[in-house]
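Below is one structure, written out as structure tokens; the observations come after it.
Each chain gets a letter, A, B and so on, in the order its sequence line appears, and its residues count up from 1.
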Number of protein chains: 2
Amino acid sequence: MATLKEVAKAAGVSMPIVSAYLRGSTSIRMSADTRRRVATAIEELGYTPNLATRSLRTARTNVLAVVVPELDNPALTDVLRGIYDGATRHGYVIMLGDAVQLTSGSQTLQHLLSQSRVDGVIVTRSSALDEGVLSGVAGRGLPVVFLDNESTDGHHWLALDDADGIRVATEHLVELGHEQIDFFGGRDISPRSSMTKLRYAGYIAALQAHKLAPRPPVICGQEPEQGYEAFSTMVAPRVVQRRRDAPTALVVNNATTAMGVLAAAYDAGVAIPGDVSVIGYHGTAVTAMARPRMSTVRMPMYELGSRGVAMLDKIIGGEFMPSGILEDIPPKAIARDTTASP
Amino acid sequence: MATLKEVAKAAGVSMPIVSAYLRGSTSIRMSADTRRRVATAIEELGYTPNLATRSLRTARTNVLAVVVPELDNPALTDVLRGIYDGATRHGYVIMLGDAVQLTSGSQTLQHLLSQSRVDGVIVTRSSALDEGVLSGVAGRGLPVVFLDNESTDGHHWLALDDADGIRVATEHLVELGHEQIDFFGGRDISPRSSMTKLRYAGYIAALQAHKLAPRPPVICGQEPEQGYEAFSTMVAPRVVQRRRDAPTALVVNNATTAMGVLAAAYDAGVAIPGDVSVIGYHGTAVTAMARPRMSTVRMPMYELGSRGVAMLDKIIGGEFMPSGILEDIPPKAIARDTTASP
DNA sequence: CTGAAAGCGCTTACAG
DNA sequence: CTGAAAGCGCTTACAG
């Protein structure tokens, strides 16, 4: 490996000149000829700067750690896209870690968060992380942004307006003429979680605005299997028996859960949307491709990611950034095949 | 931030002792008391080693770059899981980059592959990368493993036995009694690609083993939309008109494509598996949850990832590792709802 | 075990 | 612009 010193020698200039050239520094002016000689030397020697060394000097790595609950969560796709684009725009590279392997005291976490390795951390869905990991992330003095509104206690965070998203979903069903609408969700992932409460609040708000009575939530985790189970045991029997208290429509917390609900309906012989309408929350490419195509509420996932990076970049730079909810891009109901009038 | 020097001072020992303690070096023996004092000092000062500096000395970063065609490709989920587990086992941390942003000359690529930043690179599905990127990766002198058998020209690679996988898929349909089986796939992603040819070869092998005549491939890209389009235009009309040359079963190159095929069949009123059986290739969590649940062939994706890391680790360590196809875990057909006897 | 020292490859002032 | 030098925080010989 060629070093900067060798490049300087080959180009017949001093090291600081090469360094300035590489960093595109404007404080040092050099002649076009110098510039060309340096460029040629770099080219010929195949020189690449040793970034580890640069980090040692600048105490900056231009690496951001991103912690996600699980790598293959389709709900995260657009958030990650936003994060990567934001990172590119701000000159960072991403180190992505799965929370599954980030149990407290894990080697991976140490490596990922080691002070000298990354400039900052983005944590998505903190509720999926255990306390040890969270305090490990937060207590390290590293700038951290949570894409989540669960960890308001002194940390920086940015969140979607979940209450409003669910309100819009519920609104969509009310407008179709539904009056018996169930809310699916609510099994808290951690004791800290207030997310589901917020979401349920949006459901209540929509119903009350139309003088309809809210119903108790159908408690259910977010995995497809849990949606499947909840629908099969708590909804399907009532629908099949045409009981009066059976819902005619469902607002499901989560598109992943809703996939399980649709599968359960199929298996139980419940027609969607003939017998029951279903609307999911921030759908994915798959929910739109599977049949029947799921109606969902579109949330600004991409923006959550890209603005999260922008926020983190500011914090790293020592600027103040208020935490808050992403409100300027309103949720939008996307009607597809799983919702209809009762 | 505390430094090693400060720790040494606080513990009343020399720097080399602290360094040895941190690295768990066995060449230097220290008393239990010394060990305890060092541990206490580290704890009290909240010391974390500066890995950038360590890299500078050891010329190792313990970071691996992973390049994927797109982050949200569900087919990659298990490969990534394998890569992360393998990385943890071998003491590496992962830097994950999306090929979409890795066009030639991109900053991200530079950063990701910069000699001093990572010890090695894993590239999945090289066919999705442009030539400039590929030569950038390969020409840098960095150890690289391609999880792919397309780039045999002097590079290290590890691949699935695609021909055998498709053979097993085809075999499954033959055993159900099908005789008119179409192969879906074949639009090469890059001129280099021989993958699809290999897959088609597996289809031919299975048919010939049963004295059945292979049919020309239905040429089709791998996105769901392309599967949708191909089925709608080239298969559905013949099936609906009950033409003699209509296939009774389909082997689809790819579970992603097959999702599109199922959607197209639904929309065209073609019953699956009543009118046509469909089997996909290495399915994902979603293909098993959507209804009807897709029959697929299970491939050792996880192992591809974890062994890829093991291979790369050996290469980084200067050992020789033969490239090859992962043959010891045979493909297995998983019959679900989309395949039946004709 | 200790302690003083060299050096990894840069960046950054600093005197010319 | 140049050139000699300090120093980032470690690891690694090396003499005691």
Side-chain angles (χ1 to χ4, degrees), chain A residues 1-39 41-42 45-63 91 110-111 114-119 141, chain B residues 1-39 41-42 45-63 91 110-111 114-119 141:
Chain A
M1 275 305 287
T3 65
L4 186 141
K5 197 174 178 180
E6 289 164 21
V7 172
K9 196 174 169 192
V13 300
S14 66
M15 284 168 62
I17 298 297
V18 181
S19 177
Y21 173 87
L22 288 168
R23 286 171 295 121
S25 163
T26 50
S27 62
I28 296 184
R29 270 178 305 198
M30 46 194 117
S31 65
D33 180 56
T34 305
R35 198 174 290 280
R36 203 160 34 231
R37 287 213 315 280
V38 172
I42 288 173
L45 294 171
Y47 171 76
T48 8
N50 183 324
L51 298 185
T53 306
R54 182 178 288 175
S55 296
L56 180 57
R57 285 292 308 172
T58 60
R60 282 284 294 264
T61 61
N62 296 316
V63 178
Q110 302 262 21
H111 279 224
S114 173
Q115 186 79 254
S116 49
R117 188 158 253 165
V118 303
D119 292 340
Chain B
M1 275 305 286
T3 65
L4 187 140
K5 198 174 178 179
E6 289 164 21
V7 172
K9 196 174 169 193
V13 300
S14 66
M15 283 168 63
I17 297 296
V18 181
S19 176
Y21 174 87
L22 288 168
R23 287 171 295 120
S25 164
T26 50
S27 62
I28 296 184
R29 271 178 305 195
M30 46 194 115
S31 65
D33 180 56
T34 305
R35 196 175 291 279
R36 202 160 35 232
R37 288 212 314 279
V38 172
I42 288 174
L45 293 171
Y47 172 75
T48 8
N50 183 323
L51 298 185
T53 307
R54 182 178 288 175
S55 296
L56 179 56
R57 284 292 308 172
T58 61
R60 282 283 294 265
T61 61
N62 295 315
V63 178
Q110 302 262 22
H111 278 224
S114 173
Q115 187 77 254
S116 49
R117 187 158 252 166
V118 303
D119 292 340

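- Nearest heavy-atom pair, B/L45 versus B/A10, reported as atom, atom and distance to 0.1 Å: CD1-CB, 4.1 Å.
- Each of B/P16 and A/M15 has a nearest nucleotide on DNA chain D; the 5'-most of these lies closest to A/M15.
- Pair assignment for D/dA13: none, as no Watson-Crick or G-U wobble contacts are both less than 3.5 Å.
- Atom CG in A/L4 sits about 14 Å away from atom P in C/dC8, given to the nearest Å.
- For A/T3, counting side-chain heavy atoms from C-beta on, the closest listed nucleotide (C/dT12, C/dT2, C/dC10) is C/dC10.
- Of all non-hydrogen atoms in A/A8 and A/S14, the two that sit nearest each other are CB-C, 3.8 Å.
- Summarising the base pairing, C/dA4 is matched to no nucleotide, lacking a Watson-Crick or G-U wobble pair whose two defining distances lie under 3.5 Å.
- Note: CD1 (B/I17) to P (D/dC10) measures 16 Å, nearest angstrom.
- Side chain of A/V13, nearest nucleotide from D/dT11, C/dC10, D/dT2: D/dT2.
- Remark: C1' of D/dT2 and CZ of A/R37 are 12 Å apart, rounded to the nearest angstrom.
- Counting heavy atoms from C-beta outward, B/L22 and B/V7 have side chains that stay 4.5 Å or more apart.
- Residue order along DNA chain D, read from the 5' end via each residue's closest nucleotide, puts A/T34 first among B/L22 and A/T34.
- Proximity of A/M15 to A/V18: side-chain heavy atoms (C-beta onward) are nowhere separated by under 4.5 Å.
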**Prompt:** Where do A/V13 and A/Y21 land on the side chain to side chain contact (heavy atoms under 4.5 Å, CB included) test, with the steps shown first?
**Reply:** CA-CA 11 Å; A/V13 300; A/Y21 173 87; over 6 Å; no
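- At D/dC10, none of the side-chain N or O atoms of B/S19 fall inside 4.0 Å of OP1 or OP2 (strictly under the cut-off).
- Nearest to the side chain of B/S14, among C/dC10, C/dG3, D/dT11, sits C/dG3.
- OP1 and OP2 of D/dT11 both lie 4.0 Å or more from every side-chain N or O belonging to B/T58.
- Atom CZ of B/R60 is separated from atom P of D/dT12 by 12 Å (rounded to the nearest Å).
- Atom NZ in B/K5 sits roughly 11 Å away from atom C1' in D/dG7 (whole-Å rounding).
- At whole-Å resolution of the value, NZ in A/K9 and C1' in C/dC10 are 18 Å apart.
- Minimum atom distance to the side chain of A/R23 is reached by C/dT12, of the listed C/dC10, D/dT2, C/dT12.
- Note: CG (A/N50) to P (C/dG7) measures 18 Å, nearest angstrom.
- Side-chain proximity of A/Y47 to D/dT11, D/dG9, C/dC10: nearest is C/dC10.
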